[in-house]
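When a ligand or atom number is given, it counts from 1 through the structure's own listing order. Any value given below was found using the heavy atoms of this structure, including those in side chains, with hydrogens, waters and symmetry copies removed. Bear in mind that the values here come from a model prediction, so they are computed numbers and not experimental data.
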Amino acid sequence: MTDLHTDAHTAALDAADPLRGFRDEFLIPRHDGQPMAYFVGNSLGLQPRGARAHVETVLRKWEEDAVEGHFTGEAQWMSYHELVREPLARLVGAKPVEVVAMNTLTVNLHLLMASFYRPTRERPALLIEAGAFPSDRHAAESQVRFHGFDPATDLIEVQPDGPGGLFSMDAIAAEIERHRDRLALVLWPGVQYRTGQAFDLKAIAGLAHAAGAQCGFDLAHAVGNLHLQLHDSGADFAAWCHYKYVNSGPGAVGGAFVHERHAHADLPRFAGWWGHDASSRFRMGPEFHPAPGADGWQLSNPPILAMAPLRASLELFDRAGLPALRAKSRSLTGYLEALIDAGLGDVLEIVTPRDPAQRGCQLSLRVRGGREQGRALFEHLAAHGVLGDWREPDVIRISPAPLYNNHADVLRFARAVAGWRA
Ligand SMILES: *Cc1c(COP(=O)(O)O)cnc(C)c1O
């Protein structure tokens with residue numbers, strides 16, 4: 001057997017990696033003259049080399065054509081969001097009519113809840129996970145209040161029943177069952193940001209629907225990470241951002257999914273002119289006729305400059321393909337897990353599920369010995385060009401991203417941890 005800890009071992013794994021060429025498609029920040037081991041794709045993915053050209057094309061069109069840029073060329077701004085529709089649909093396992101790139105994540109959650117969280121006196125409750133990302137909790141709580149209900153009784157927070165904040169399906173099912181007659185909406189993460197736990201979306205949507213509730217997903221940590229089958233999950237809606245695993249830059253335009261069965265439904269919504277049916281939008285009439293599908297939730301004409309890097313990024317996902325990305329991701333994260341098990345267990349405890357089907361790239365690592373130890377290790381790693389991210393009070397999240405990380409990066413992490421302990 002090859003020794004897990006040797007450069008020869010990682011060199012062999014990386015040489016056999018069919019996606020190894022994609023690393024060169026990214027600009028990897030440097031530290032002391034060499035590329036960082038960058039494990040923060042769950043927070044801000046790296047810049048694809050192709051992003052600059054797409055942004056410059058927009059700037060040049062603005063320079064040369066100004067307002068005419070809306071109507072000139074293959075990437076005319078009038079239909080710019082349509083350029084990403086098909087690759088985006090492939091990325092999340094949806095039909096083209098079900099997806100749109102627009103706004104940002106929390107905005108999209110609100111817009112979609114305006115349509116899919118319709119509480120009544122009999123059914124006022126909105127169910128989320130305890131310990132949700134603060135923005136999701138703020139959004140959910142404020143929606144409950146907005147409709148005149150009381151979060152103390154009508155915002156249901158499912159408590160984790162597993163170690164380190166993990167949820168069993170039984171815990172989720174039991175809480176849905178307990179509130180089944182009062183439940184209006186289940187809003188659940190595809191991957192929980194703190195623990196890295198991935199969920200069976202189809203099973204959760206099935207439970208929500210069986211209880212008579214709607215179901216929406218926050219896919220911030222799942223998109224570009226898991227091989228999603230959003231249409232088949234049966235979810236009513238989903239929202240996500242593109243700056244994490246989708247590598248489209250800080251504050252990149254977000255994404256939204258509305259299931260095909262709602263494509264022509266006359267749902268209440270907060271409307272804007274870009275959601276108006278495209279064929280009659282420019283008649284500028286006073287009445288709102290929604291475009292079919294997810295497009296009908298758009299408000300404003302799209303931020304073209306913010307959408308340009310997304311084109312470059314989606315080209316890479318299309319070329320790599322999700323099955324290959326997922327296979328490499330399992331290899332990288334499995335290697336990280338093996339290195340921790342083989343010799344770093346006295347420093348780090350893996351919070352994320354051990355079952356690869358219940359996680360994506362990320363391992364959440366609790367530093368034994370508490371916050372001060374944790375901060376010291378985190379700073380040591382950063383000083384050695386190994387970048388993870390820190391979650392209070394004692395967790396370091398390490399997310400090897402299969403488009404640009406390799407097994408050598410993972411070994412660098414393990415060596416840096418061992419060096420700190422020594
Ligand atoms: C990253 C993330 C956000 C961030 O929301 P923005 O509206 O994009 O600022 C929200 N929720 C979750 C679960 C996230 O992971």
Side-chain angles (χ1 to χ4, degrees), residues 39-46 88 91-92 99-114 116-117 126-143 155 157-158 160 165-167 172 185-199 201 204 215-226 228 230 235 237-257 270 297-300 302-303 305-307 309-310 313 351-352 359-364 388-392 395-399 401:
F39 294 115
V40 209
N42 57 349
S43 186
L44 183 71
L46 293 181
L88 201 51
L91 184 68
V92 298
V99 297
V100 66
M102 62 178 191
N103 310 314
T104 46
L105 169 54
T106 309
V107 173
N108 288 340
L109 285 175
H110 274 300
L111 291 176
L112 292 164
M113 280 196 275
F116 293 101
Y117 174 57
L126 200 171
L127 181 144
I128 62 173
E129 94 271 25
F133 194 97
S135 201
D136 299 56
R137 195 183 184 287
H138 301 328
E141 180 179 344
S142 61
Q143 285 276 336
L155 182 66
E157 294 179 87
V158 183
L166 302 182
F167 294 86
I172 301 167
L185 174 68
V186 171
L187 178 65
W188 204 261
V191 172
Q192 216 283 343
Y193 82 101
R194 190 186 295 274
T195 63
Q197 182 177 14
F199 294 96
L201 304 188
I204 291 171
C215 184
F217 291 112
D218 182 323
L219 301 178
H221 281 260
V223 65
N225 179 12
L226 303 180
L228 294 166
L230 211 37
F237 72 88
W240 57 89
C241 50
H242 289 126
Y243 49 81
K244 292 173 179 167
Y245 295 107
V246 191
N247 309 317
S248 299
V253 69
F257 163 92
F270 294 156
W297 273 264
Q298 296 173 101
L299 298 184
S300 299
L305 283 166
M307 210 176 270
L310 179 59
S313 173
V351 175
T352 307
R359 67 187 188 204
C361 304
Q362 171 183 327
L363 289 188
S364 300
D389 84 349
W390 175 255
R391 281 290 168 264
E392 296 289 348
V395 169
I396 296 175
R397 302 186 305 178
I398 297 291
S399 298

Which option wins on minimum heavy-atom distance to atom 7 (O) of ligand 1: N108, T104, N42, T106?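 It is T106 whose heavy atom sits nearest to atom 7 (O) of ligand 1.
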
Look only at the side chain of Q362 and the backbone of H221, and say whether a donor-acceptor pair between them is shorter than 3.5 Å. no

Donor-acceptor contact below 3.5 Å, side chain S43 vs main chain V40: no

Test of proximity, S135 against ligand 1: N or O pairs below 3.5 Å: no

Quick one: which of V246, L230, L109 gives a side-chain contact (heavy atoms from CB on, under 4.5 Å) with W240? L230

Looking only at the side chains, is there a donor atom on one of S135 and T106 sitting less than 3.5 Å from an acceptor on the other?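 A donor-acceptor contact under 3.5 Å links the two side chains.
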
Tell me, do N108 and W297 make a side-chain contact under 4.5 Å, heavy atoms counted? no

With heavy atoms and a 4.0 Å threshold, my read on which part of L105 contacts ligand 1 is both

For ligand 1, is any non-hydrogen atom under 4.0 Å from D136's backbone (N, CA, C, O), its side chain (CB onward), both, or neither? side chain

What's the spacing between L201 CG and L226 CG if we round to 0.5 Å?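 Going from CG on L201 over to CG on L226, the span is 8.0 Å.
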
Please state which protein non-hydrogen atom is closest to atom 4 (C) of ligand 1 and give its distance, to 0.1 Å?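 Result for atom 4 (C) of ligand 1: Y243 OH, 3.1 Å.
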
Distance under 4.0 Å to a non-hydrogen atom of [X]: what atoms of ligand 1 satisfy this?
X: K244; result: 1 (C), 2 (C), 3 (C), 14 (C), 15 (O)
X: A220; result: 2 (C), 12 (C), 14 (C), 15 (O)
X: H221; result: 15 (O)
X: D218; result: 11 (N), 12 (C), 13 (C)

Check the orientation of F237 and F116. Use parallel for under 30°, tilted for 30 to 60°, and perpendicular for over 60°. parallel

